[in-house]
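Working notes, structure below.
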Amino acid sequence: IYTLSLHDALPICVSTEGGNFTVNPGDTSEDVAQNLYDAGIISSPDVFLEVVEQWDLSTLLIAGTYELNSGMNVNTIAEILTNGAYYWQP
């Protein structure tokens, strides 16, 4: 049985910033979390890392360019960056 904490389901936005976001080959989950934060897409790298660690997604993040925005919750972002390998349903 897996449980999600309440904040996992909430948008983690600081504004409506977004646009193209790139995961580079060789980026670690920590790099991705920090880059998401630096781009204004998430309000805390730790929240993204919590989901990555909880669901063992660090090796499933796929390099590429994605359309993301700060209105997305961390679960949706993880789903997009793993090309659906992680699927969250509210």
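Put simply, the side chain of Asp31 gets close to the backbone of Thr28: a donor and an acceptor are under 3.5 Å apart.
With sequence neighbours left out, Asn24 forms a side chain to side chain contact (heavy atoms under 4.5 Å, CB included) with Thr22, Asp27. In terms of the side chain to side chain donor-acceptor pair (under 3.5 Å) criterion, Ser58 has no residue partners (sequence neighbours excluded). Remark: Gln34 engages Tyr37, Asp38, Pro45 in a side chain to side chain contact (heavy atoms under 4.5 Å, CB included) (not counting sequence neighbours). Partners of Ala85 according to the side chain to side chain contact (heavy atoms under 4.5 Å, CB included) rule, which considers only residues two or more places apart in sequence or in another chain, are Leu60, Thr82.
In this structure, the separation between OG on Ser29 and CG on Leu61 is 6.5 Å, given to the nearest 0.5 Å. Here the CD1 atom belonging to Ile62 is positioned 9.0 Å from the CG atom belonging to Leu81, to the nearest 0.5 angstrom. Here the CD1 atom belonging to Ile42 is positioned 7.5 Å from the CG atom belonging to Leu49, to the nearest 0.5 angstrom. Between Phe48 atom CZ and Asn75 atom CG the span is 10.0 Å, to the nearest 0.5 Å. Separation of atoms CG (Asn35) and CZ (Phe21) is listed at 5.0 Å; rounding is to 0.5 Å.
Proximity of Val52 to Val32: side-chain heavy atoms (C-beta onward) are nowhere separated by under 4.5 Å. Between Met72 and Ile80, the closest side-chain pair of non-hydrogen atoms falls below 4.5 Å. Contact check for Tyr86 versus Val51: side-chain heavy atoms found under the 4.5 Å cut-off.
With respect to Leu68, the side chain to side chain contact (heavy atoms under 4.5 Å, CB included) criterion is satisfied by exactly one of Ile77, Asn20, Thr76: Ile77.
When all heavy atoms of Ile41 and Asn69 are compared, the closest pair comes out as CG2-O, 3.7 Å.
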